[in-house]
Structure formats: C-alpha cells, structure tokens
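Below is one structure; the comments refer to it alone.
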Amino acid sequence: MNPIDPPRLLGPSLGSVIFKSQPEDFEVEELLRFEPSGEGEHCLVWLEKRHRNTNDVASELATKLGLRKRLISHCGLKDKEAVTRQWFSLHLPGKPSPSAEDLTVEGVRVLRIVRHLRKLHRGAHDGNRFWIRLRGCEFSKEAAAARWQQMIDRGVPNYFGTQRFGRDGGNVPQTLRWFKDEIQVRDRMLRGILLSAARSYLFNACVGHRVLDGTWDTPLSGDVFGFADNRSLVLPHNLHGDEADRVRQGALELTAPLWGEGELQSQAAVKAMEEQVVAAYPELLAGLAQFNLRQERRVMRLRPLSAELTWESDSTLVLRFDLPKGTYATTLLRELVDIG
C-alpha cells in the first residue's frame with residue numbers, strides 16, 4: 001500500500017475528468033465560527049482572491065499599509081489555482097480601518113471590512129464551503145448520483161490529500177534525507193511542512209490498513225473516539241458503552257494517530273495494529289523521535305455537509321459541500337472521479 005495513494009473505499013472511480021481548468025472551477029469560502037464584533041484594535045478584511053497565494057497576498061497587504069508582516073494573520077492557506085474567499089486580520093491599534101482602495105492588490109477583491117476584538121489565529125474558522133466544477137464527465141448521471149449518495153451516507157476515509165506530500169510526493173523522500181543529515185533544513189516553515197508530511201504519511205498508512213481490513217468505521221477493542229468538529233477525544237478508559245451506536249449515527253468518529261513522542265492513546269487490539277503498521281517505516285519513526293511532537297489523533301471519516309450535486313451540462317458536473325477545517329476536498333473527490 002502506498003500511503004500517498006491509499007486504497008479507495010468505494011472501489012474504482014467513475015472515470016477521469018478535467019479538474020481546475022480555470023480558477024472558477026474551484027471555489028472555496030472560509031466559514032468563520034463567529035461574527036466579528038464590530039469594534040476593537042483588529043481589522044478583519046474579507047477578501048476574494050483569484051489565482052493568488054495566501055502568503056503573497058498577506059505580504060502585499062503589509063507593504064500597502066506599511067505594516068510588519070507579523071501584524072497580518074489569517075486562519076489558513078487557500079489554494080492558489082482557485083477563486084477563494086477568506087478573512088485576513090490586520091492589527092491596527094489606535095488607527096482607522098483602511099478603505100477598499102487602500103487594499104488594492106492584483107487578483108484580489110475586497111468584500112467586507114469590519115473591526116474585531118481579537119486577531120485571527122490559524123484554525124480559527126469552522127471549515128470551508130466548496131463549489132467544484134468537473135468537466136469532461138463521461139459517466140452517467142445515475143452513476144454519479146448513486147456514488148455521491150454513498151459518500152454522503154457513509155462518508156469517506158479522511159486521508160491527507162496529495163497536496164500534503166508535495167509535487168510527485170517529494171516531501172517524504174526529502175524528509176528522510178533531512179532525518180539522515182544528508183541535507184540541512186533551516187527554514188522554519190519548510191521544517192514544519194516536512195514534519196507534517198511524515199506524520200500524515202503514517203496516518204494514511206493506519207487508515208488505509210483499516211479500510212483494507214474493513215474496520216475503518218467499525219469500533220475495535222482499544223479504539224480512541226473523536227469528534228469531526230473539534231479535537232476532543234474519548235479515550236478507552238473513559239467509555240460509556242454507547243460509542244458504537246454513536247459512530248453509526250455519525251455523532252462520534254474513530255481516530256488514527258498523528259505520530260509523536262510517548263505512548264499511543266489507543267489500547268489493546270488497536271494499539272497493536274497501529275504499532276504493526278507504522279513499524280514498516282522505521283526511518284520516519286526514528287526521525288520524528290528527534291522532535292517534541294506529542295501523540296495526537298485525527299478522525300478517520302470525512303463527511304460532506306450540505307452536499308449537492310447538479311449538472312451544468314451533459315458533461316459538466318457541479319458539486320457543492322462543506323468540510324471541516326484541515327480536511328481535503330480532493331480526498332472526497334477521489335472516491336468519485338480521477339482528477340489527475
């Protein structure tokens with residue numbers, strides 16, 4: 001099994017499609033968990049970006065306003081090859097809010113400017129809303145509707161998408177070279193990217209193993225449970241006996257490890273299984289042990305919310321759905337089509 005291309009749950013895709021042939025084919029809108037207060041020393045700016053990188057836009061905003069880059073924050077990175085709407089936070093104590101004209105940046109449209117009491121932190125949003133247009137669909141409308149309903153009803157494995165592993169999956173080999181001291185990685189952001197790739201690789205391996213043995217959505221002895229909308233966990237020593245029912249109802253989810261120091265939080269059969277799976281990657285385990293990364297867990301199922309499927313033409317399919325933060329639309333799509 002290749003953790004970068006892990007096993008599909010629902011079998012072969014319906015076929016290949018043309019994906020992201022233009023930015024408007026992939027729209028993402030950030031969903032905040034709160035309404036801005038309307039007052040405070042922080043200014044929140046709601047921007048629509050087309051074909052623009054989040055970090056580059058933040059840098060240009062800082063230059064435009066004469067601010068240090070660290071005074072501008074956002075909830076997370078959004079795709080460049082897309083139309084994306086997201087919030088930026090500007091720290092402006094004692095200063096007036098800028099106008100839309102003050103924020104003129106190529107490829108960016110200002111949608112709203114409002115004050116707030118606190119800065120935006122990474123992950124401060126609830127999730128993201130997607131509108132995705134798939135062109136060149138050669139499968140039937142009936143087949144698409146049936147597969148889409150399966151995905152809504154059952155969910156799909158919550159794998160980390162190929163974006164996490166870099167171009168041609170190159171992040172993991174680069175991480176191994178770094179762990180072996182064959183290369184030096186001094187850039188803090190790059191170090192974080194490589195460590196995340198290693199942990200994501202092991203997570204996908206554990207989830208893929210349970211997909212193959214048919215237990216990815218079936219509680220086993222020693223499982224750790226979690227919630228799709230937050231990082232709270234229900235550990236094996238704190239169970240109430242109704243966890244299996246709650247998993248079937250979608251109120252609770254099974255989890256897999258994000259590898260770090262210390263003992264796994266799982267126990268019994270699940271702990272033994274996870275240890276056996278990751279033992280196939282000793283160099284990644286040894287390398288990760290050098291860093292102060294604690295054992296964490298991530299839910300194994302990804303459920304699309306507010307999901308809709310419509311046909312724009314006989315060969316163009318449009319999908320709309322919401323996903324929790326930190327999950328991948330491409331992970332959902334690969335259970336439906338091949339996007340290349």
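Since the structure is predicted, the reported quantities are computational estimates derived from the model, not experimental observations. Only this structure's heavy atoms are used, side chains among them; waters, hydrogens and symmetry mates stay out.
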Would you please say whether a donor-acceptor pair under 3.5 Å links the side chains of [X] and [Y]?
X: Gln86; Y: His74; value: no
X: Asp245; Y: Gln249; value: no
X: Arg8; Y: Ser13; value: no
X: Glu29; Y: Thr84; value: no
X: Thr316; Y: Arg135; value: no
X: Thr104; Y: Lys64; value: no

Identify the two heavy atoms, one from [X] and one from [Y], that lie closest to each other, and give their separation to 0.1 Å.
X: Leu212; Y: Met1; result: CD1-SD, 4.3 Å
X: Leu254; Y: Val247; result: CD2-CG2, 4.3 Å
X: Ser97; Y: Cys43; result: OG-SG, 3.7 Å
X: Leu92; Y: Pro98; result: CD1-CD, 3.6 Å
X: Lys325; Y: His125; result: CD-O, 3.0 Å
X: Cys75; Y: Glu30; result: CB-OE2, 3.5 Å

Does [X] belong to the same Ile/Leu/Val/Met/Phe/Trp/Tyr cluster as [Y], with side-chain heavy atoms less than 4.5 Å apart forming each link?
X: Val207; Y: Met273; result: no
X: Val108; Y: Ile113; result: yes
X: Val299; Y: Val211; result: no

Tell me if the [atom1] atom of [X] is crowded by more than 12 foreign heavy atoms within 6.0 Å.
X: Asp314; atom1: CG; result: no
X: Glu182; atom1: CD; result: yes
X: Glu138; atom1: CD; result: no
X: Lys69; atom1: NZ; result: yes
X: Asp187; atom1: CG; result: yes
X: Glu261; atom1: CD; result: yes
X: Arg118; atom1: CZ; result: no

Does a side-chain heavy-atom distance below 4.5 Å link Phe139 with Leu317?
yes

May I ask you to decide if [Y]'s main-chain N or O and [X]'s side chain share a donor-acceptor pair within less than 3.5 Å?
X: Arg164; Y: Ala197; value: no
X: Ser306; Y: Asp322; value: no
X: Arg301; Y: Pro157; value: no
X: Ser21; Y: Ile18; value: no
X: Asn204; Y: Phe160; value: yes
X: Lys49; Y: Arg85; value: no
X: Arg210; Y: Thr215; value: yes
X: Ser73; Y: Leu120; value: yes
X: Glu243; Y: His240; value: yes
X: Asp223; Y: Leu220; value: yes

Once rounded to the nearest 0.5 Å, what's the spacing between atom [atom1] of [X] and atom [atom2] of [Y]?
X: Trp259; Y: Leu264; atom1: CH2; atom2: CG; value: 4.0 Å
X: Leu14; Y: Trp148; atom1: CG; atom2: CH2; value: 11.5 Å
X: Leu252; Y: Arg246; atom1: CG; atom2: CZ; value: 4.5 Å
X: Lys20; Y: Glu24; atom1: NZ; atom2: CD; value: 12.5 Å
X: Ile152; Y: Glu308; atom1: CD1; atom2: CD; value: 9.5 Å
X: Leu233; Y: Asn238; atom1: CG; atom2: CG; value: 11.0 Å

Any chance you could lay out the side chain to side chain contact (heavy atoms under 4.5 Å, CB included) test for Ser16 and Val337, step after step, and finish with the verdict?
CA-CA 6 Å; Ser16 298; Val337 296; over 6 Å; no

For Leu47 and Leu111, run side chain to side chain contact (heavy atoms under 4.5 Å, CB included): C-alpha distance rounded to whole Å, both residues' side-chain angles, the deciding distance at 0.1 Å, then the answer.
CA-CA 6 Å; Leu47 299 180; Leu111 303 177; over 6 Å; no

Mind checking whether Phe203 and Tyr159 have ring centres under 6.0 Å apart?
no

Would you confirm whether the ring centroid of His42 sits within less than 6.0 angstrom of the ring centroid of His116?
no

Looking at [X] and [Y], does any basic side-chain N land under 4.0 Å from a carboxylate oxygen?
X: Asp56; Y: Lys80; answer: no
X: Arg147; Y: Glu335; answer: no
X: Arg294; Y: Glu296; answer: yes
X: Lys271; Y: Glu263; answer: yes
X: Arg303; Y: Glu253; answer: yes
X: Arg115; Y: Glu41; answer: no

Partners of Arg191 by side-chain contact (heavy atoms from CB on, under 4.5 Å), sequence neighbours excluded?
Trp178, Val185, Phe291

Kindly indicate whether a cation-pi arrangement holds for Arg297 with Phe225, taking the cut-offs as under 6.0 Å to the six-membered ring centre and within 45° of the axis.
no

Among residues at least two apart in sequence or on other chains, which ones pass side-chain hydrogen bond (donor to acceptor under 3.5 Å, both in side chains) with Lys180?
Glu283

Worked check of side chain to side chain contact (heavy atoms under 4.5 Å, CB included) between Leu309 and Phe321:
CA-CA 9 Å; Leu309 179 155; Phe321 53 89; over 6 Å; no

Checking Leu284 against Phe179 for the side chain to side chain contact (heavy atoms under 4.5 Å, CB included) test, could you report, in this order, the C-alpha distance in whole Å, the side-chain angles of both residues, the deciding distance, and whether it holds?
CA-CA 8 Å; Leu284 286 180; Phe179 286 169; 4.2 Å; yes

